[in-house]
Every structure is written in structure tokens, then in C-alpha cells.
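Taking it in order: structure first as C-alpha cells, then the write-up.
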Amino acid sequence: MGLCHGKPAELQQNQSKNNTLSIETDSTKAPNSHSRKNSYIPFYSPSPLSSLFKTSPAVSSVSSTPLRLFKRPFPPPSPAKHIRALLARRHGSVKPNEASIPEGNEIDIGLDKNFGFSKQFVSHYELGEEVGRGHFGYTCSAKAKKGSMKGQNVAVKVIPKSQMTTAIAIEDVRREVKIFRALTGHKNLVQFYDAYEDEDNVYVVMELCEGGELLDRILSRGGKYSEEDAKIVMVQILSVVAYCHLQGVVHRDLKPENFLFTTKEDNSPLKAIDFGLSDYVKPDERLNDIVGSAYYVAPEVLHRSYGTEADMWSIGVITYILLCGSRPFWARTESGIFRAVLKTDPSFDEAPWPSLSPEAIDFLKRLLNKDYRKRLTAAQALSHPWLANHHDIKIPLDMIVYRLAKAYIYSSSLRKSALVALAKTLTAAQLAYLREQFTLLGPSKNGYISMHNFKTAVIKQSTDAMKDSRVLDYVNMVSSLQYRKLDFEEFSAVAISVHQLEGMDCWEQHVRRAYELFEKDGNRPTMFDELASEMRHSDGRLTFLGFVRLLHGVSSRAFQKA
Ligand SMILES: Nc1ncnc2c1ncn2[C@@H]1O[C@H](COP(=O)(O)OP(=O)(O)OP(=O)(O)O)[C@@H](O)[C@H]1O
Ligand SMILES: [Ca+2]
């Protein structure tokens, strides 16, 4: 993955209007988070979520917020609200401008609120003080009273059953616990211990993080991180997200509130929490429910067709906030935020951007690309030059390689030779990521991998989540495809993403050079009699335009239509 900037023209539209210094109204208010409540934070204003949680009547999210003057294009980050469509989905109905929870319990008659968890919470743990609060639950510290954990401090997320007013809300809690339990084991993921229930609540017992939320740390630093400090955070976030994605889990609510530091030390490890909105997704599947928090939501989520790439967008938003202290997409209302996400591009003109490294900006542009096919995966982001040479990076296996392998094997031999030509144009830095993936697939001593390797490499890393998400079925299907052994050269052609390369400035150079190579080695009269004239020379060989279409995997039928 060489540094090659994203398309500036595409990304610079609409910037000017975002860059004016203005009086802004922050539409969010502070949560009840213990740590945050007690610390003075200059730009802080209270969040409507806390009142929501107490099932108060309708709360206006905007009217009670004071006007503040900020010397920034946008106000600094504050806790993000969940998207109203999500609240409606979970709680039954939400009025157009109010994120309210229906009152009374008429709608939960007949709902099965038994989870099959142990009922022995009280005999096992002694609940302590509240350490945090979200929309769906509050979290307390607790002490284990018996067993192997006796005397140990833990955190307990308490999810009141009175909040579970729809079948969807109940299903979401079941899934949250199932995913959290299955995924546990990564060093940047809060350790799950057990789940309990009684008449009133579900209790999720987990490792206690005493260092507070990433959001609090951003705010206590005055809103900004140095590049070096931001890298330390991003490597940890990417590492745990790459792990989730490989297992077939999309988090869907990545934001600084959902990352906690284990201790108050500056160099404390960071841990992901809150799988409350997570879901399983197979590599070739698209989800369609609108879920997440407005500032961090990806455009394709709003278009109701998304996969793991949506998390990568949220990671782009987090990185942007870390580096400049402002949100890239901001407006006073939810619909305004959505419009910004769909239509505007973040500004990189104002301070501090001109003084930041081109690698940092390139990294961001490749995450905040509105076309999800052009976005970096988590494993690719870890291989990006901005993070290169950072200590503690372990590039994980990337499921996109499996998807690309399947597409490659089903391609015509003509497309295969076009991809081989394109792969020959990659720079050493770009090949580094592919080399890592090849190595992870476990090549033989003489440098070949077979389709079987695609299975053995994944089995080593599989958790129960991978079974539940049916990623293992997908891997079995890919590894059973009939294809010859691959050396690194052909593997590079297999695992090259044409869409991603197309999102880079250097695409034109790559594709022109690749066409030259293809002309030399692979171009021959095509067999499709009715190829459109602009796709073929008079002797039947592919034109440059035809070559580009071929790289994208356009079928012969589409060629005929073109
Ligand atoms: N393991 C933990 N250790 C310490 N504090 C925690 C832990 N887990 C959660 N918290 C605190 O509790 C808050 C709420 O937890 P969590 O995000 O899981 O709840 P939620 O209701 O699902 O949140 P949201 O409103 O984002 O959906 C967190 O933001 C954090 O401050
Ligand atoms: Ca949360």
C-alpha cells in the first residue's frame, strides 16, 4: 500500500462552506458518565440520552442547548446520539423530532424476556457505584463474592427489562451478549466474564476499565491528539476492528464513547466495548437496517446497503476528530448531519491540516471515501504508510482477500491476464500488504498456496462468532473452488482490489502501464463477436477503455450492451 493520495477533486468539493468560523449550537448534551460529570471540560454540554434513559417524556434535543462561540469550524465532539430510526426500531415508535420511548407497558405484553442466563447474580457479585451510562443500560463496578474471581473488581452492565419494549429490543440484547461472549479474547476488547438475569434486569459481567472513555480523554486534552499519540490509539482500534470483521461481526457503533482505557495512565491500553448494535455479516452479504450514531454513520448505512466497510467510515470519523478536534460532518439536526455525510466532503484546508503529514491526510481520505468499495479494510489501514513502522502492529488476515479470490476464479481468462498486468504495476510499498496476506495464508517452502490454505489459515483464528456469522461456511465455499496453486505473482493479481486502486490518484498511471504490459503479453482478439466497437480495435483486440471495463469484471454480455 503505497502512499498515493485520494482524488483531490472529488474530496474538495463543498469544503469552503464548512470552513467558515461561526457561532454554532451544539445539539448534544452530556451523559451521566461518572467520570465526565465530575471533570470540567470546556466545551461540554449535557446529553439528552440521560433523560431518555430515565424514560422521561419526550425530550427536545435542540431547544435547551445554549449558544456557544467556538473558534473552530465545528464544535468539538460531544457524546453522539443514536439515530432516531434505530430508536424507533428498538422502542416501537418515535415521533419525528423526539427520541422518546413509549410509555406504559401495553406493547410488551406477551414478549418473552427470558434469556436463559443464570439467576444467581446477587449471590455472586456485590454491586458498587455507577461508572457509566448509555442509552440502553448503566454500568456499575462490582466485586466478585465467590469462585475463582473472588475479591476481583469487575464492571456490570445492567440492562433493565422494562426498556425492552419490543421483540427487536429483546433480540438485540440476546445478540449483544452472544457476540460479546463469542468474540472475547482480543487484547483490545473488554473481557467478557458472564451474563445473569433476574425479573428486572440483564447483567453483563466484564472486565472493569478504570481509565475512562476515549471521548473524555480527547476532551481533556483540549480536543486534539498529536499524530504520534493518535497513531497509538488508531492501531489499537484497527486491530480489534480487524479481528471483529474477520469473525464476521460488524460493530455498527464505533465512536470514542465506546472505547475505554483500562487505567488512568497515559499509555493505558484501549478496549472496545458495547456490542449492543453489532450484527453478524457474511463477506458477500449486505445489511439494511439503519443503525448507529449520527456523527459516525456511513453513507451506505443511510442508503440501507452496507457491510463491514461502514465501521471503517466510523474509524475515519474518529481519526479526523483525534487529529483536529472537530467532527468532519456536523449540523444541528439529525437530517442536517445525514445531508453532510451524504453530500459534503470533510475539510482539510484549515488548521491544523496544512501542518499535518500527507500520510495522515491520505489515510483519512481513504477511510472517508463515500464509495465503500474504495475504502480501506481494517487490515489494509494497519498496513497504510501513516502507521507503517509503528511498533506493535500485527497485520491480520483480511477477509476481502477471500472475496477477491472468489471473484478472480470466476473471471474469464482475459480478465485474469488483465489483473496480472495490473498487479505488475504495484509499487513495493503497495505489495507489502499483499505479501503479508500471502504469508498469513501459509505458503509452502517453494512459495505456493493452494485453495486449501485459505481454509487452514482461517481455522487457526476462528472463534464461535465466526461460526455464528457463517463466515466459516463462506471460507469453506471459497477453499473448495477448483484452482491451481498460486505463487505470489498470481496471488497479487487475485488479491488486488480494482475499486480501491481506482480511488487513488495514481490509478491512471497504474492502469496505463498495465495496458502497455497487457498489450505486450496478453492482448489478443476477443471471442465475443458483438463487442461494442469502442471496446475493441478493428482486429478484435481490447481497447484501453475495454481493458478498464474488463478489470472491473464486466461480463461479455455487459460488453455487448456497452
Ligand atoms: N467495562 C467497563 N468498565 C468501565 N466502564 C464501562 C464498562 N462498560 C461500559 N462502561 C461505561 O458505561 C457506559 C455505557 O456502556 P455501554 O456503552 O455498553 O452502554 P449502552 O447503553 O449500550 O451505550 P449506548 O448509549 O452507546 O448504546 C460506557 O460509555 C462507559 O462509560
Ligand atoms: Ca455505548
Side-chain angles (χ1 to χ4, degrees), residues 1 3 35-36 39 41 76-77 185-191 207-246 251 253-274 296 311-328 348 352-353 355-368 376-396 398 429 432-433 436:
M1 311 224 88
L3 172 61
S35 56
R36 213 180 285 143
S39 57
I41 293 155
H186 189 277
K187 68 178 173 156
N188 297 115
L189 188 59
V190 154
Q191 178 80 28
E207 167 188 3
L208 177 66
C209 293
E210 298 182 283
E213 296 172 14
L214 174 61
L215 181 66
D216 286 327
R217 238 176 243 202
I218 297 173
L219 293 169
S220 68
R221 287 183 177 211
K224 257 188 290 181
Y225 267 60
S226 70
E227 279 195 47
E228 285 319 301
D229 288 350
K231 284 182 200 179
I232 296 170
V233 168
M234 293 325 300
V235 166
Q236 298 181 77
I237 292 182
L238 288 168
S239 164
V240 62
V241 172
Y243 170 77
C244 295
H245 289 179
L246 182 66
H251 188 283
D253 200 19
L254 296 177
K255 54 185 180 182
E257 297 90 310
N258 283 340
F259 288 94
L260 304 182
F261 290 97
T262 19
T263 69
K264 294 203 167 11
E265 308 293 309
D266 270 350
N267 58 359
S268 158
L270 191 61
K271 309 241 172 178
I273 57 161
D274 195 358
Y296 301 89
D311 279 347
M312 300 313 298
W313 173 277
S314 308
I315 292 177
V317 176
I318 298 172
T319 316
Y320 188 97
I321 291 172
L322 280 179
L323 291 175
C324 81
S326 290
R327 285 161 286 202
F348 293 104
W353 297 110
S355 61
L356 297 187
S357 69
E359 288 85 357
I361 295 173
D362 184 70
F363 179 84
L364 268 167
K365 287 182 173 176
R366 298 186 62 194
L367 291 178
L368 294 177
L376 296 175
T377 64
Q380 290 168 342
L382 281 166
S383 323
H384 187 276
W386 186 52
L387 299 174
N389 307 325
H390 196 273
H391 65 96
D392 212 22
I393 292 194
K394 208 168 147 265
I395 310 294
D398 195 347
Y433 155 82
E436 291 278 359

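Just the heavy atoms: all of them, side chains too, but no hydrogens, waters or symmetry mates, feed the values below.
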Are the side chains of Met312 and Thr377 in touch, meaning some heavy atoms are under 4.5 Å apart? no
Taking Lys187's backbone N and O only, do any of them form a donor-acceptor pair with Lys271's side chain (distance below 3.5 Å, no angle check)? yes
Measuring only between side-chain heavy atoms, which start at C-beta, is Pro396 closer than 4.5 Å to Leu382? yes
Pair Asp253-Tyr296, side-chain donor/acceptor within less than 3.5 Å: no
Are any of the side-chain nitrogens in Asp229 or Lys231 under 4.0 Å away from the carboxylate oxygens of its partner? no
Interatomic distance, Trp313 atom CH2 to Leu367 atom CG [nearest 0.5 angstrom]: 10.0 Å
If you define the side chain from C-beta out and look only at heavy atoms, does anything of Ile237 sit under 4.5 Å from Phe259? yes
Within 45 degrees of the axis of the six-membered ring of Phe261 and under 6.0 Å from its centre: does Arg217 put its NZ or CZ there? yes
Backbone N/O of Ile232 and side chain of Gln236: donor-acceptor pair under 3.5 Å: yes
Applying side chain to side chain contact (heavy atoms under 4.5 Å, CB included) to Phe348 and Leu364, what does each step give before you reach the verdict? CA-CA 10 Å; Phe348 293 104; Leu364 268 167; 3.8 Å; yes
Work out which heavy atom in Ala381 is nearest to a heavy atom in Leu376; give both atom names and the distance. CA-CD1, 3.9 Å
Under 3.5 Å side-chain donor-acceptor pair for Glu227 and Ser357: yes
Strictly distance-based, threshold 3.5 Å: is any side-chain N or O of His251 a donor or acceptor partner for the main-chain N or O of Ile273? yes
If we ignore angles and hydrogens, is there a donor and acceptor under 3.5 Å between the side chains of Ser239 and His186? yes
Does Thr262 reach the main-chain N or O of Ser268 with its side chain, forming a donor-acceptor pair under 3.5 Å? no
Verdict with supporting geometry, Leu387 and Phe363, side chain to side chain contact (heavy atoms under 4.5 Å, CB included): CA-CA 9 Å; Leu387 299 174; Phe363 179 84; 4.0 Å; yes
When you compare the side chain of Ile321 with that of Pro328, does any pair of heavy atoms fall below 4.5 Å? yes
What closest approach, in Å, do Asp392 and Val235 show between heavy atoms, and which atom pair accounts for it? O-CG1, 3.9 Å
Check whether NZ of the Lys or CZ of the Arg Arg221 lies under 6.0 Å from the centre of the six-membered ring of Tyr225 and within 45 degrees of that ring's axis. yes
Are any side-chain N or O atoms of Glu359 and backbone N or O atoms of Trp386, one a donor and one an acceptor, separated by less than 3.5 Å? no
Got a second to check how far Tyr320's OH is from Lys365's NZ, nearest 0.5 Å? 11.0 Å
Are the side chains of Asp398 and Gln380 in touch, meaning some heavy atoms are under 4.5 Å apart? yes
Where the side chain of Ser220 meets the backbone of Asp216, is there a donor-acceptor pair that is under 3.5 Å apart? yes
Taking all heavy atoms of Ala272 and all of Leu189, pick out the closest pair and write down the distance. O-CD1, 3.8 Å
Residue among Leu238, Thr319, Leu270, Ile218 satisfying side-chain contact (heavy atoms from CB on, under 4.5 Å) with Val233: Leu270
Start with the C-alpha gap between Lys224 and Leu322, add the side-chain angles, then the distance that decides, and say whether side chain to side chain contact (heavy atoms under 4.5 Å, CB included) holds. CA-CA 5 Å; Lys224 257 188 290 181; Leu322 280 179; over 6 Å; no
Do the side chains of Thr263 and Glu210 get nearer than 4.5 Å, heavy atoms only? no
Indicate yes or no: at least one non-hydrogen side-chain atom of Ile395 is less than 4.5 angstrom from one of Ile393. yes
Is any side-chain heavy atom of Leu214 closer than 4.5 Å to a side-chain heavy atom of Leu260? no
Drop me the distance from His384's NE2 to Met234's CE, to the nearest 0.5 angstrom. 12.5 Å
Counting N and O atoms only, with roles assigned by atom type, does the side chain of Ser355 sit under 3.5 Å from a partner on the main chain of Pro352, one being a donor and the other an acceptor? yes
